[in-house]
Amino acid sequence: MKLSLYQKLAISLVVIFCFICALVYGWSKQLELTSKHHAEQNLHLALAEHLVQDNPLIKEGVYDYKALENLFHTLMLLGPAFEFYFVDETGKILTYSAKPGKVKRTHISLTPLKRLINDPSAAPIYGDNPRNKEQQKIFSAAPVFNQDKLQGYLYVIIGGEAYDTSLSTVKNNDKLWLAALWLGSALAFLFIAMLILLRFFTNPIQRLARDVSNIEAANYSLTDTKLSNYSTQKSNEVHSLGRSIQAMLTRINEQFKALEQGDKQRKELLTHLSHDLRTPLASLQGFLEVLNQSGEQLSQKEQQEYLQVSLNNCGQLKLLIEQIFELAHLENGEISINKETFNLGELIYDCMAKFSLAVDKKGISLSVEPAICDFPVVADIAKLERVLSNLIDNAIRHTPRGGSIAVHVKRSDDNQLFVHVSDTGVGIKEDELNAIFDPHYQASNSNKEGRQQGGLGLAICRGLLKLMDSEIYVQSEIGKGTMFSFNLPQKKVLS
């Protein structure tokens, strides 16, 4: 049987409560009995000595033990709470006040008697009970001399058998039982109140455990599971723990959703990439099969055209595969940054030189503003060259004949350089601007010019710039063109 926290605490409380009650009760009874015996023994400490002094039969020495027995019997009738014994100097009981057959001992130990006589402040001191071989009682004792010779001891038991019987009867009285009943009721009320308080304090923990179990049963999904409300106004540990666990579960749920979304996007990306790889690969295979099977029937010019198309497809496959690997390395954090100081203008002109034939062939003007672009920057030159090349190539592909492309460099007041790559191309729809940096996304108005593109260029640009602590932004208008912008820290020039 599996016990809840409340049940375990309740059982532990019952056991501890009962143990403490028994311990307190036993301790209080023992303390009460010891105090009572101490008071009674001190009160009757000189009883035996007075009896010895006030009774001539004992004072002058005892020879007639039968007469002494009658005296003890008379004294016992006057004080039924006392029992009288006369013992010799060895502890042997010579005569007593009890009825025949009541006395079970023939000897008693004299050590307690001598101790009480020599040191009365040591009370309570217990001596042997002649009526019970296993029991001891408080007593009063006095030595009896015959002239200077010790003849024995007068041994008076305080609270004898008659006293014990009377006390037992009183304890069975209805009033005592009623008082005990009230005491038991008060203890029971206290115990129930403690259980209720314990239930009150452990209820939030049980509720929290129930919420966590429900979340676990729902596979940690918060969609169909309602969590309990833990007030922020309460500062106790349980509510604080509840709020922390709820925040943790919410975060886990968000991460699950992000993982599911990422997995979905990754599957879509693989689907699109498979299509992009299949298209140039199928084209390449087709032209190679034609060359292999009908090469002798084709003219030299046709063969060169087929080979050129095949080479173009191979180049597109290589570019796409390189982009896939580059994006994978970016997402896995496997690309490191090697920052150095260099002239930004020189890098821009180097990148533009690579595209000079393409822009001349298409009739597009390519410019830099300002023309003398002398700006020292601290960045990774290879990665920045990759970003600029991707943006310029992207602008060339989307700018019609007779258009223009410009690279603007501006300095801000906070020692930042902003690079803008703008074109007069077809532009991008406003509702697509937030998605163009996603892997493999292609705007609906893209102009491929017969070339297959994986759509990874802008995603790679964003990843590389992020590694260099920069952000990329886009502004576009259909029919008027697009401008991509990013910032770079400028190298401070010492005066």
Counting only N and O atoms by type, is there a donor-acceptor contact under 3.5 Å from the side chain of [X] to the main-chain atoms of [Y]?
{"X": "R105", "Y": "K133", "result": "yes"}
{"X": "S389", "Y": "E385", "result": "yes"}
{"X": "D380", "Y": "N338", "result": "yes"}
{"X": "N118", "Y": "K114", "result": "yes"}
{"X": "S470", "Y": "N487", "result": "yes"}

Ignoring hydrogens, what is the shortest heavy-atom contact between [X] and [Y]? Give both atom names and the distance.
{"X": "I138", "Y": "P124", "result": "CG2-CB, 4.4 Å"}
{"X": "I472", "Y": "F486", "result": "CA-CB, 4.2 Å"}
{"X": "K137", "Y": "I157", "result": "CB-CG2, 3.8 Å"}
{"X": "T90", "Y": "L110", "result": "C-CD1, 3.7 Å"}
{"X": "P130", "Y": "I93", "result": "CB-CD1, 3.9 Å"}
{"X": "Y153", "Y": "L113", "result": "CB-CD2, 4.0 Å"}

So, taking the atom named [atom1] in [X] and the one named [atom2] in [Y], what distance separates them when rounded to the nearest 0.5 Å?
{"X": "C461", "Y": "N394", "atom1": "SG", "atom2": "CG", "value": "8.0 Å"}
{"X": "L465", "Y": "F484", "atom1": "CG", "atom2": "CZ", "value": "11.5 Å"}
{"X": "L417", "Y": "S412", "atom1": "CG", "atom2": "OG", "value": "7.5 Å"}
{"X": "F145", "Y": "K149", "atom1": "CZ", "atom2": "NZ", "value": "12.0 Å"}
{"X": "F139", "Y": "L116", "atom1": "CZ", "atom2": "CG", "value": "4.5 Å"}
{"X": "E477", "Y": "K429", "atom1": "CD", "atom2": "NZ", "value": "14.5 Å"}

Between K410 and H420, does a side-chain contact (heavy atoms from CB on, under 4.5 Å) hold up when you go through it step by step? CA-CA 8 Å; K410 293 183 179 180; H420 308 281; 4.2 Å; yes
Non-neighbouring partners of [X] that pass side-chain contact (heavy atoms from CB on, under 4.5 Å), sequence neighbours left out:
{"X": "D469", "answer": "K339"}
{"X": "Q136", "answer": "Y126, D128"}
{"X": "I381", "answer": "E340, F342, L347"}

Does the side-chain contact (heavy atoms from CB on, under 4.5 Å) test come out yes or no for R386 and L464, once each step is laid out? CA-CA 9 Å; R386 182 85 167 90; L464 292 175; 3.7 Å; yes
I would like to know whether T106 and K92 meet side-chain contact (heavy atoms from CB on, under 4.5 Å); could you show each step before the answer? CA-CA 6 Å; T106 59; K92 180 180 178 180; 5.7 Å; no
Step-by-step side-chain contact (heavy atoms from CB on, under 4.5 Å) determination, V419 to L388: CA-CA 9 Å; V419 180; L388 287 170; 4.2 Å; yes
Note, K383 side chain near I337 side chain (heavy atom, < 4.5 Å):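 The answer is yes; the side chains approach within 4.5 Å.
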Any side-chain heavy-atom pair of T482 and V474 under 4.5 Å: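 Answer yes - side chains close enough.
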Results of ring-ring contact (aromatic ring centres under 6.0 Å, His included) for F418 - residues two or more places apart only: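 Listed in chain order: nothing, the list is empty.
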Mind checking side-chain hydrogen bond (donor to acceptor under 3.5 Å, both in side chains) for Y85 and listing every partner two or more places apart, or none if nothing turns up?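 Y85 satisfies side-chain hydrogen bond (donor to acceptor under 3.5 Å, both in side chains) with E83 once adjacent residues are dropped.
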Salt bridge (charged side-chain N to carboxylate O under 4.0 Å, His left out) partners of E89, counting only residues at least two apart: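 Counting only residues at least two positions away or on another chain, E89 forms no salt bridge (charged side-chain N to carboxylate O under 4.0 Å, His left out).
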Tell me whether E254 is salt-bridged to R251, with the criterion being a basic N under 4.0 Å from an acidic carboxylate O.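 R251 and E254: salt-bridged.
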